[in-house]
Each structure stands twice: as structure tokens, then as C-alpha cells.
Amino acid sequence: MLEEGERFAVIVRIETPGADKPVAVELRKDSYTANVTLEGRESYLSRKGEVWENTQEKYGTNVCLKVFLRAAE
């Protein structure tokens, strides 16, 4: 169970052989995406699960992934 404000991680393994861009990302690219907020968010990618790269620092992007939690009953 998570407490309010507690940090957590969601790890997803995706296998996309031959794909140049295997995950959807958000980024500021043009006038349509000028309002994308990247600050304060964290996304990491790893090709083999050994070395992780912060996508915002390395590529100026964040992975598009939404996680929903529900209150304990």
C-alpha cells in the first residue's frame, strides 16, 4: 500500500524487435506541443534492463505511460 506523496516506480518490459522508436514519448517539438510539461517528471529507458537513461536529460522527452491507483478499501 502507498502512502499519500510516497514515490513509487512502474516498470514495463516492451519487446519490439526491429523498431526504431519502441515507446510513445511526449516532447516539445512545434507550436502544437509547446505546452508539454516535462519538468518534474521522470522516465527512464534501458535496452537490456542494466543501464538506465533519464529520457528528459538525454532526449528532452518523457515516456507516455499513465498509472491509475485506487484507494484502499
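On a predicted model such as this, the values are computed, not experimentally measured, just so you know.
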Salt bridge (charged side-chain N to carboxylate O under 4.0 Å, His left out) partners for K58, two or more places apart: E53
Separation of T61 OG1 from L45 CG (nearest 0.5 Å): 7.0 Å
T55 side chain to S43 main-chain N or O, any donor-acceptor pair under 3.5 Å? yes
Show me, pair by pair, the donor-acceptor contacts under 3.5 angstrom made by side chains of residues 1-13, not counting sequence neighbours?
residue : atom : partner : partner atom : Å
E6      : OE1  : E3      : N            : 2.7
R7      : NH1  : E42     : OE2          : 3.1
R7      : NH2  : E42     : OE2          : 3.0
R13     : NE   : E15     : OE2          : 3.2
R13     : NH2  : E15     : OE2          : 3.1

Please table the atom pairs, donor to acceptor, closer than 3.5 Å between any side-chain atom in residues 21-30 and protein atoms at least two apart or in another chain.
residue : atom : partner : partner atom : Å
R28     : NE   : V36     : O            : 3.0
R28     : NH2  : V36     : O            : 3.1
R28     : NH2  : E39     : OE1          : 3.1
R28     : NH2  : E39     : OE2          : 3.3
D30     : OD1  : Y32     : N            : 3.0
D30     : OD1  : T33     : N            : 3.2
D30     : OD1  : T33     : OG1          : 3.3

Measuring from atom CG of N62 to atom CG of N54, what distance do you get when rounded to the nearest 0.5 angstrom? 7.5 Å
